Structure formats: structure tokens, C-alpha cells
J.: 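First, the structure itself, so that you have it in front of you.
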There are 2 protein chains.
Amino acid sequence: MADTATGSPRTLLNETRCQTCSLSSLCLPLALELQDMDQLDAIIRRRAPLKKGDSLFRQGTPFTSVFAVRSGSLKQMTTEGGGEEQLTNFYLPSELAGLDGIGEASYPGTVVALETTTVCEIPFDRLEALSETLPELRGQLYRSMSKEMRDDRRMMRLLSRKTADQRLATFFTNLSDRFRRRGYSPFSFRLSMSRADIGNYLGLAVETVSRILGRFQTQGLVAVSGREVNILDLEALIEVAEQEGCR
Amino acid sequence: MADTATGSPRTLLNETRCQTCSLSSLCLPLALELQDMDQLDAIIRRRAPLKKGDSLFRQGTPFTSVFAVRSGSLKQMTTEGGGEEQLTNFYLPSELAGLDGIGEASYPGTVVALETTTVCEIPFDRLEALSETLPELRGQLYRSMSKEMRDDRRMMRLLSRKTADQRLATFFTNLSDRFRRRGYSPFSFRLSMSRADIGNYLGLAVETVSRILGRFQTQGLVAVSGREVNILDLEALIEVAEQEGCR
DNA sequence: CGGGTGGTTGATTTTACTCAACTCAGGTGG
DNA sequence: CCACCTGAGTTGAGTAAAATCAACCACCCG
């Protein structure tokens with residue numbers, strides 16, 4: 001997705017402050033006054049871009065910071081009892097990774113870059129301290145956390161009640177929506193994750209993902225070529241995603 | 001579960017203060033000084049007990065408070081697009097319901113009592129205000145939220161990777177553990193939820209739940225009679241729950 | 001040019017769902 | 001007090017959906 005992200009909304013290199021960041025209206029600064037934004041700005045650490053496959057933090061590593069994605073994308077994975085990995089989330093620009101480590105000694109999951117990705121590191125103790133005097137910031141943090149909880153609930157619903165077709169359709173409409181909100185085309189984008197990632201995330205075998213993508217294609221819902229996606233009939237896709245009483 | 005909850009750890013009627021509440025070591029007051037606890041205490045509203053089937057709040061109702069369970073148990077459900085209900089959580093004594101509504105205008109789910117249940121209502125604006133001066137309280141709130149996020153992740157893992165057997169085994173070991181932490185027997189308890197609830201929660205058909213319970217019984221893992229559960233071989237149950245590479 | 005990864009397609013199998021019948025316990029009302 | 005009814009739970013038979021196994025393709029990179 002970063003490949004796309006370096007595109008449309010101008011992502012200037014000197015865009016190193018919340019005030020000038022094109023994502024500020026979606027990210028933590030949302031609802032902050034200019035001067036407050038400066039204060040938040042002061043505690044944020046910019047990091048060297050992550051390369052594809054680099055991990056932002058690993059499961060079990062001491063928890064220190066939450067991270068806002070500036071460009072690119074991340075995936076979060078958890079391993080339990082030495083078993084295989086479960087992919088629990090994708091993070092797009094303006095989204096916060098690491099929230100589920102708050103209050104814990106260590107991160108409960110590993111977060112890895114799916115492509116070249118830049119993030120803002122926000123040391124949590126500093127954020128905590130700052131939020132003591134900035135109610136809006138605190139509120140925003142709560143909002144981010146409870147939003148992630150609601151997203152998790154939606155995901156649980158998807159995993160326990162939806163068919164493979166519905167899962168894929170939901171995945172695409174959800175991505176489309178998130179791109180739209182960020183100012184990118186909701187109809188045409190590049191997937192930064194592999195089919196295996198998608199399958200893992202949606203609780204499906206890779207083969208199933210592939211097959212259903214093929215079917216969607218013949219049905220004229222989407223045009224997929226490798227990781228390039230064109231949504232041809234968003235309405236119909238939403239229809240598939242939400243159709244009920246199928247099982 | 002309340003049936004059990006009214007039992008062992010003495011639940012006196014005049015136990016109307018956090019300081020004397022047997023759950024304070026698990027609930028929000030955890031890590032608070034005595035005097036701080038008093039302050040929290042002051043904002044908490046006790047409510048008349050809910051009867052089985054009563055709803056604590058309904059999806060779409062304006063968000064005002066979070067609720068700590070004092071005795072009994074709750075289930076949380078969400079309906080999406082007029083579809084059927086998805087059961088997303090059970091709440092036992094000391095656990096907080098409503099966290100996922102924080103920062104939203106309305107509750108994203110409906111919470112219903114599974115049996116006679118008493119709760120402490122904590123108006124969120126008051127909690128917010130109080131947490132401004134009590135870092136420990138704030139931290140505890142963060143911890144509760146991020147814990148729920150981690151539980152959600154575990155649930156997602158369960159729904160997308162585990163077999164029906166593993167799901168049931170996980171469900172029982174998890175319940176057992178939660179009862180143990182609360183001072184009840186980890187081996188013998190009463191389910192406050194129906195088979196349908198369990199199935200809905202675990203993403204399984206009622207019949208499947210029933211069948212697997214039967215199998216567990218013949219395997220000597222548990223003895224189930226109606227809603228009365230005796231765990232006969234917790235080790236083996238954990239084994240089943242965690243076995244990997246089965247699919 | 002060869003090896004490897006990521007992706008697709010086909011055939012078969014497995015798992016859990018659906019549909020249906022049936023049991024059981026609790027509650028109600030005659 | 002008992003017959004009946006209802007809802008919850010169990011059990012069985014057949015089915016459908018997606019997993020697995022296996023082969024194959026295409027692109028990329030050295």
C-alpha cells in the first residue's frame with residue numbers, strides 16, 4: 001500500500017510535524033488545538049523507514065511506545081504456545097499500532113512492515129504524562145482503543161458467522177473504505193499483503209482466497225491482477241459482504 | 001454462575017464500598033491507595049440487581065457508563081445490519097462491561113444478564129475526571145482496555161484456527177481459570193449460559209456443542225449434567241485446547 | 001538458466017452444519 | 001395432582017463448504 005501511499009496526497013519529506021502532516025485529521029492530533037499539537041509533536045520520535053519485512057517490535061519485547069503509521073502498512077501477528085502465527089490486524093497510515101500492549105510489560109504481538117513504511121513513535125510514558133493535561137488527547141486515545149475493540153468484534157463476527165465469499169468481500173470493502181478516508185482511490189489500489197497474509201487474517205486457506213478472488217473476477221465484481229486491485233462493482237461487493245441468513 | 005457467586009466468597013449485602021468489596025483486588029480499585037479508593041467509591045452508583053434476561057444497556061443507547069460486575073454474569077451481543085446476533089463476550093464478577101463504547105456516542109453492543117446479577121455503575125465522565133488526578137486509576141483503565149483487546153485477539157485466533165474440540169476445551173479451561181482467580185472452584189461450576197449461547201460465542205452450531213460435550217464426557221475429561229460442570233482432567237483439557245498442527 | 005517464492009487450479013477429504021426426530025425437565029392451568 | 005406444553009438439550013443421517021493434497025504456472029532474482 002505504501003507504493004500507493006507515496007503517491008496522491010503529497011507526502012513531503014519535510015513533513016515532520018503533526019501540524020503539517022496530511023494525516024493529522026485522522027490520527028491522534030485530531031481534535032487538538034494548534035498549541036496542544038505542538039506539545040504532542042515534541043514527544044514524537046521519527047524513525048528511519050522500515051523496509052519490507054522489518055519488524056517494528058516483536059512479541060515479548062518490553063512495551064515502550066505506540067506507533068502511528070505515516071506511510072506504508074504493517075501487519076500484526078501473534079504466536080501462542082509455539083504454534084503458528086495468527087495475523088490479527090493490518091495497519092494503514094494514521095492508524096495506531098501497539099495499543100494492545102498498554103499496561104502490559106511487553107508487546108503481545110509482533111508488528112512487521114509489509115512494504116517500506118514510516119512511523120511516528122510515541123513513547124507511552126510521555127503520552128501518558130501529556131494526556132494528563134490534555135483531555136482531548138486522552139479522549140482521542142480512548143477513542144482509538146475502543147475503536148480497535150469494536151473492529152475486533154466485527155472481526156470475530158466475520159470469523160464465526162461469515163462464509164469465505166463474505167469474508168473476502170468484507171475485506172475488500174473495508175480496505176476500499178479505509179483508502180477512501182485517507183484520500184486515495186477507493187476503487188483502485190495495490191495490496192501490500194500476500195494471499196497467505198489475507199488467508200491467515202480471514203481464517204481461510206490460501207487456495208480458498210485464490211479461488212474466490214477468481215470467482216469475483218468472473219462475476220465482474222473486481223479485476224485482480226497479482227496485487228493490483230480494481231473494484232468494478234462496489235455496490236455488489238457490499239451486497240455480498242452483508243448478505244445474511246446464508247447459513 | 002451467579003448461583004455459585006452468591007456462595008463461597010461472602011457477599012454481604014452491606015458490601016457497598018470498594019474498600020470492603022471482595023473483588024477489589026481484581027477490579028478497577030486494584031493498585032489504588034485507600035484514600036483514592038474512597039474517591040472512586042464516591043462516583044460509583046449501585047444499581048438494583050438485574051434479573052435473568054434484563055439488559056444492562058442496549059446497542060445504540062447513549063454511552064454513559066462502564067459497569068463492573070459484582071455478582072452474576074453478563075453476555076454481550078452485537079447485531080449488525082439487522083442480521084442475527086453475535087455473542088462477543090461473557091462478563092464475570094470484577095470484569096468491566098461497556099469499555100468498547102468509550103469515546104463513542106452510543107454503546108456498540110447489548111449487554112444482558114444471564115442470571116440475577118448485580119453491577120457497579122461507573123459514570124464515565126466522572127471516571128474520566130477522577131482519572132485525571134489518579135494516575136493509577138488511569139493506568140488500570142488502560143490495562144482493562146488493552147486486556148480486552150488481547151482477549152479479543154485470542155478469540156480471533158480461536159475462531160480462525162481452532163477445531164470445534166479445541167474451542168470447547170479452550171472455553172472450559174478459560175472459564176475454569178477465571179473462576180479460580182475469583183476464589184471459586186476451578187473444577188466444579190455451573191454454566192449460566194445456554195448451549196446456544198456457547199455455540200454462538202464459539203462460532204459453532206448448538207448440535208456441535210452438544211456432541212462434543214458428549215465426547216468429552218465419554219473421554220473422561222469432564223462430567224456435564226445440564227449446566228452443571230465438573231472438570232475431571234484439566235491437564236488433558238488444556239492439552240486438547242492447545243494441541244497444534246491439527247489442521 | 002535454474003531455483004525459489006507466490007499464486008492458481010483440480011481432485012479428494014474432512015469437518016461441522018443442516019434438517020429432523022426425539023427426550024427431558026419445568027411450569028401452567030384445568 | 002396430573003396432563004400438557006414449551007424450550008432446552010441430545011442424537012442421528014445426509015450435505016455443503018472449505019481444507020488438504022498435489023500439481024502446475026509465472027515471475028523475479030541471482
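The figures that follow rest on heavy atoms only: side chains count, while hydrogens, waters and symmetry mates do not. Residue numbering restarts at 1 for every chain, and letters A, B, ... go by the order of the sequence lines. This one's a predicted model, so the numbers in the text were calculated from it and none came from an experiment.
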J.: Inspect the contact between A/Glu104 and B/Arg150 and indicate whether a charged nitrogen and a carboxylate oxygen are less than 4.0 angstrom apart.
T.: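 Counted as a salt bridge, because a side-chain N and a carboxylate O are separated by less than 4.0 Å.
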J.: Using a strict cut-off of less than 4.0 Å between a Lys/Arg side-chain nitrogen and an Asp/Glu carboxylate oxygen, indicate whether A/Arg153 and B/Glu148 qualify as a salt bridge.
T.: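 Yes.
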J.: Rounded to whole angstroms, how far apart are CG on B/Leu213 and C1' on D/dT10?
T.: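 Checked: the CG to C1' distance equals 11 Å.
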J.: Let me know the distance between CD1 of A/Ile198 and C1' of C/dG6, rounded to the nearest Å.
T.: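 So the two atoms are 12 Å apart, to the nearest Å.
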J.: Give the rounded distance in Å between these two atoms: CD of B/Glu84 and C1' of C/dT18.
T.: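 Roughly 14 Å, once rounded to whole Å.
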J.: Does A/Arg227 place a side-chain N or O at less than 4.0 Å from the phosphate oxygens OP1/OP2 of C/dG7?
T.: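 True: A/Arg227 side-chain N/O within range (under 4.0 Å) of C/dG7 OP1/OP2.
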J.: Between B/Arg182 and B/Glu95, does at least one N-O distance fall below 4.0 Å, as a salt bridge requires?
T.: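 Judged by the 4.0 Å cut-off on N to carboxylate O distance, B/Arg182 and B/Glu95 do form a salt bridge.
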J.: Could you tell me whether A/Gly203 contacts a base, only the sugar-phosphate backbone, or nothing, with contacts defined as non-hydrogen atoms closer than 4.0 Å?
T.: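 A/Gly203: backbone/sugar contact only, no base atoms under 4.0 Å.
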J.: From the options D/dA18, C/dG7, C/dA16, select the nucleotide whose nearest atom is closest to the side chain of B/Thr163.
T.: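 From the listed options, C/dA16 comes nearest.
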J.: Calculate the interatomic distance between A/Arg211 atom CZ and D/dC21 atom C1'; express it in whole Å.
T.: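 Atom-to-atom, A/Arg211 to D/dC21, this comes out as 11 Å.
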J.: Do B/Leu56 and B/Leu50 come close enough that some side-chain heavy atom pair is under 4.5 Å?
T.: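 Yes, close enough: below the 4.5 Å cut-off.
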J.: Counting side-chain heavy atoms from C-beta on, which of C/dG7, C/dA16, D/dT10 comes nearest to A/Ser194?
T.: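 Closest nucleotide to the A/Ser194 side chain: C/dG7.
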J.: Expressed as a whole number of angstroms, how long is the span from B/Leu204:CG to C/dT14:C1'?
T.: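 Between C1' of C/dT14 and CG of B/Leu204: 15 Å.
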J.: Check whether any side-chain nitrogen or oxygen of A/Thr208 sits under 4.0 Å from OP1 or OP2 of D/dA19, and answer yes or no.
T.: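 Yes.
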J.: Between B/Glu207 (CD) and D/dT15 (C1'), how many Å, whole number?
T.: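 After rounding, the gap between these two atoms is 14 Å.
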J.: For A/Lys52 and D/dC28, give me the distance from atom NZ to atom P, rounded to whole Å.
T.: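 The answer, rounded to whole Å, is 12 Å.
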J.: Roughly how many Å is it from CZ in B/Arg167 to P in C/dC17, rounded to a whole number?
T.: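 Whole-Å distance recorded here is 8 Å.
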J.: Give a yes or no on whether a salt bridge exists between B/Arg215 and B/Asp165, defined as a side-chain N under 4.0 angstrom from a carboxylate O.
T.: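 A salt bridge is present here (some side-chain N lies under 4.0 Å from a carboxylate O).
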J.: Has B/Ser210 got a side-chain N or O lying under 4.0 Å from the OP1 or OP2 atom of D/dT10?
T.: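 Yes, such a contact exists.
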